[in-house]
There are 2 protein chains.
Amino acid sequence: MDRAQSILRENGLKATKGRLEVLKLFIGAGRPIAQKEIMAMARLKLDRASVYRVLNAFLEAGIIHKAYMDGRHAVFELPDSCGEDHCHPHFSCRGCGATTCLKGMKVYSEGSPGKGFTMERQKVLIEGLCPRCSS
Amino acid sequence: MDRAQSILRENGLKATKGRLEVLKLFIGAGRPIAQKEIMAMARLKLDRASVYRVLNAFLEAGIIHKAYMDGRHAVFELPDSCGEDHCHPHFSCRGCGATTCLKGMKVYSEGSPGKGFTMERQKVLIEGLCPRCSS
DNA sequence: TTATCAATTGCAACATAGTTGCGTTTATGA
DNA sequence: TCATAAACGCAACTATGTTGCAATTGATAA
């Protein structure tokens with residue numbers, strides 16, 4: 001029927017109310033969101049523990065990934081166009097705290113980390129002021 | 001007398017036992033460290049709250065800066081060679097959890113974040129396996 | 001050197017993010 | 001429809017970090 005349902009099925013996860021709700025929020029948001037926001041946006045009441053379990057199940061299945069840590073809490077997003085090993089940078093606004101994906105930017109690294117280091121993933125977080133808070 | 005003392009004086013901070021101890025640990029470590037490590041390495045007993053207050057005082061004064069968030073806890077370091085707006089990337093080992101500064105690497109970004117965004121700081125965290133955990 | 005006073009500390013309580021155990025409910029597949 | 005394993009809600013717990021307050025201590029001035 002809908003996209004959420006088929007994503008869950010593809011990943012061998014039961015299509016429970018909570019999972020559908022959370023997944024639809026991710027699809028609808030189109031930007032990285034945190035557990036707190038999920039609780040606030042969800043129409044049906046979800047238990048905090050259950051939301052974390054849903055997030056962990058999604059993470060394990062690769063349905064979402066951890067965009068970055070914002071202060072003390074994690075921010076998650078659908079992988080969309082980014083691969084596991086290299087993703088678009090994220091922008092975090094110092095003013096309003098909002099998160100944006102900078103899909104138009106690419107980040108290159110120069111030099112090598114050193115002998116013996118195996119690089120698996122690169123996370124880039126850019127901090128500053130968003131258009132609304134800049135003016 | 002010693003470097004720690006003069007750093008505190010330059011920044012108008014009282015040279016208390018706790019501050020000297022924490023600052024010496026940073027100087028001695030030569031790598032990013034977390035509050036937990038500070039508690040473990042400190043010879044004289046320091047209160048958890050006091051360590052956080054020392055860290056916050058140092059952050060405010062610019063003596064240290066937050067290298068990045070590792071899971072749920074922050075990792076701090078002396079700024080050394082890196083400016084406020086752009087710093088060397090950090091390497092976090094998936095195996096042993098150790099943190100390393102990749103001072104030999106530089107990170108460039110291509111493209112612009114979009115109209116109206118003001119970029120202030122860029123944080124790069126590279127995850128993978130360190131030489132010891134790779135073999 | 002000693003007195004003074006604001007800054008700092010230690011303790012305890014609190015806040016927040018995330019996890020876990022357990023009994024109950026629910027989605028799936030036979 | 002029924003059986004069953006997975007998922008859920010609740011409550012308790014862990015870990016990181018913060019805050020209020022009384023006691024202590026470092027820097028300055030006498």
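Here the structure is a predicted model, which means the values were calculated and not measured. Lettering of chains follows the sequences in order, A, B, ..., and the numbering in each one begins at 1.
- A side-chain contact (heavy atoms from CB on, under 4.5 Å) with A/Phe76 is found for one member of A/Ile38, A/Ile63, A/Ile64 and no other, namely A/Ile64.
- Inspection of the B/Glu77 and B/His65 side chains reveals an N or O donor paired with an N or O acceptor under 3.5 Å.
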Worksheet, complete the sentence: Once base and sugar-phosphate atoms are separated, protein heavy atoms under 4.0 Å mark nucleotides 17-30 of chain D, 5' to 3', with B, S and - as BBBB-----BS---

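- As rounded to whole Å, 17 Å separates atom P of D/dA6 from atom CG of A/Asn11.
- Atom CD1 in A/Ile38 sits roughly 13 Å away from atom C1' in C/dA17 (whole-Å rounding).
- Ionic pairing of A/Asp47 and A/Arg53 is not present here: no N-O contact between side-chain nitrogen and carboxylate oxygen is shorter than 4.0 angstrom.
- Following rounding to the nearest Å, A/Leu8 (CG) and D/dA6 (P) show an atom-to-atom distance of 16 Å.
- In this entry the distance linking CG of A/Leu46 with C1' of D/dC10 reads 14 Å, nearest Å.
- Taking atom CD of residue B/Glu60 and atom P of nucleotide C/dT8, one finds them 10 Å apart after rounding to whole Å.
- A straight line from CD of B/Glu21 to P of C/dG10 spans 11 Å, rounded to a whole angstrom.
- Put simply, the side chain of B/Gln5 never gets that close to the backbone of B/Asp2: no donor and acceptor are under 3.5 Å apart.
- With respect to the salt-bridge test (charged N to carboxylate O, under 4.0 angstrom), the residues A/Glu21 and A/Lys45 do not qualify.
- Distance A/Met39 CE to D/dC10 P: 10 Å, rounded to the nearest Å.
- Residue A/Arg19 contributes atom CZ, which lies 15 Å from atom P of C/dT26 at whole-angstrom precision.
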Practice prompt. Starting from the C-alpha separation in whole Å, work towards a yes-or-no answer on salt bridge (charged side-chain N to carboxylate O under 4.0 Å, His left out) for A/Glu10 and A/Arg3.
Written response: CA-CA 11 Å; A/Glu10 280 166 30; A/Arg3 188 177 157 203; over 6 Å; no

